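In what follows, chains carry the letters A, B, and so on, assigned in the order in which the sequence lines appear, proteins first and then strands, with residues in each chain numbered from 1. Bear in mind the structure is a predicted one, so any value in this text is a computation, not a measurement. Computation of the quantities below employed the complete heavy-atom set of this structure, encompassing side-chain atoms and omitting hydrogens, waters and symmetry-equivalent molecules.
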Amino acid sequence: MQFANSLVVLDFETTGLSPAQGDRAIEIGAVRLVNGEVVDEFQGLMNPGFRVSGFIENYTGISNSMLVDAPSCEEVMQQFADFIGDDHLLAHNASFDKKFLDAELANIGRDYSGTFFCSLLTSRRIFQTAINHQLSTLVKHINIPPTGQYHRALFDAQMTAQLWLAILADIRDRYGIDQLSFAQLAKLQKTAKKDVDKLLQNMIYH
DNA sequence: TGCCAGGCCCTCTTTAGGGCCTT
């Protein structure tokens with residue numbers, strides 16, 4: 001059984017919501033979690049080749065003047081593909097970050113072999129009483145003092161990593177499960193909320 | 001010209017609609 005001991009936790013800032021509509025990445029931030037600790041990190045601004053909107057400048061704090069001298073998406077994503085290696089991946093609302101990772105890596109003819117996991121889907125199942133499941137709300141929910149600026153890629157990746165560790169700690173505290181396999185995590189994030197308790201109870205014995 | 005994401009998930013559901021999340 002392959003335990004989920006190593007993951008790359010990543011977050012993109014982008015020019016918009018959809019690469020299919022022409023949006024590009026403008027920043028990637030990531031940390032590598034190994035055995036519950038952050039052992040490495042990656043951060044890079046990238047020039048998408050066109051001006052970003054005022055909305056995105058305000059939302060992210062990343063201005064056009066910060067991007068004009070930044071390396072290209074292609075250059076940064078080459079480095080990031082090397083950083084990912086063969087690790088599995090995690091993001092908050094992974095469907096969003098996966099769209100951009102797939103699009104940006106396709107641009108440079110690169111790929112990745114790992115599976116994407118989602119802290120949003122998992123937190124909806126484990127922290128069912130949270131007011132909502134935005135990253136910032138969940139960080140408050142788990143009593144982690146935020147020490148940076150949300151909507152910047154590295155900080156959001158760092159907070160997502162802390163959220164993930166809190167999810168694993170909650171599972172350990174409530175069910176006595178010390179380690180979950182990638183297959184078990186995949187099953188958990190697809191299980192209906194009402195069935196999560198039974199699923200984890202059963203995992204104790206398998 | 002006008003429009004513009006998309007996957008998940010709940011429910012007053014499944015012959016559907018709308019809120020939540022991400023930028």
Which nucleotide sits closest to the side chain of [X]: [options]?
X        : options               : result
A/Ser18  : B/dT22, B/dT23, B/dA5 : B/dA5
A/Gln134 : B/dT22, B/dA5, B/dT23 : B/dT22
A/Ser95  : B/dC4, B/dG7, B/dT22  : B/dG7
A/Phe96  : B/dG6, B/dT22, B/dC21 : B/dT22

Look at all strands and tell whether [X] reaches a base, only sugar-phosphate, or nothing, counting heavy atoms closer than 4.0 Å.
X        : value
A/Glu13  : sugar-phosphate
A/Thr15  : nothing
A/Phe12  : sugar-phosphate
A/Arg152 : nothing
A/Asn132 : sugar-phosphate

[atom1]-based separation of [M] from [N] [nearest Å]:
N      : M      : atom1 : value
B/dC10 : B/dC3  : C1'   : 28 Å
B/dT14 : B/dC9  : C1'   : 14 Å
B/dG17 : B/dC12 : C1'   : 11 Å

Between [atom2] on [N] and [atom1] on [X], what's the gap in Å once rounded to a whole number?
X        : N      : atom1 : atom2 : answer
A/Leu101 : B/dG6  : CG    : C1'   : 17 Å
A/Asp97  : B/dA5  : CG    : P     : 18 Å
A/Lys194 : B/dC9  : NZ    : P     : 13 Å
A/Tyr150 : B/dT23 : OH    : C1'   : 17 Å
A/Lys99  : B/dT23 : NZ    : C1'   : 9 Å
A/Asn58  : B/dT23 : CG    : P     : 15 Å

Self-check item: Closest-nucleotide 5' rank along DNA chain B - winner of A/Lys190 and A/Leu135
Solution: A/Lys190
Self-check item: Residues A/Glu27 and A/Arg152 bridged, charged N to O under 4.0 Å
Solution: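 Judged by the 4.0 Å cut-off on N to carboxylate O distance, A/Glu27 and A/Arg152 do form a salt bridge.
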Quiz item: Can we say A/Asp82 and A/Arg110 salt-bridge, meaning some charged N sits less than 4.0 Å from an Asp/Glu carboxylate O?
Solution: yes
Self-check item: Of A/Lys98, A/Lys99, A/Arg24, the residue whose pairing with A/Glu104 passes salt bridge (charged side-chain N to carboxylate O under 4.0 Å, His left out)
Solution: A/Arg24
Practice problem: Scan residues 111-124 of chain A against DNA chain B and write down, sorted by residue number, each residue with any heavy atom closer than 4.0 Å; if none is found, say none. | Solution: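 Correct list: A/Leu121, A/Arg124.
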Exercise. Return each pair, listed once, that meets ring pair (Phe, Tyr, Trp, His ring centres under 6.0 Å) where at least one residue sits in residues 6-31 of chain A; pairs must be two or more places apart or across chains.
Key: none
Practice problem: Step through the shown structure and confirm whether more than 12 heavy atoms of other residues, nucleotides or ligands are within 6.0 Å of CG on A/Asp86. | Solution: no
Quiz item: Is the A/Phe55 ring parallel, tilted or perpendicular to the A/Tyr59 ring (thresholds 30°, 60°)?
Solution: parallel
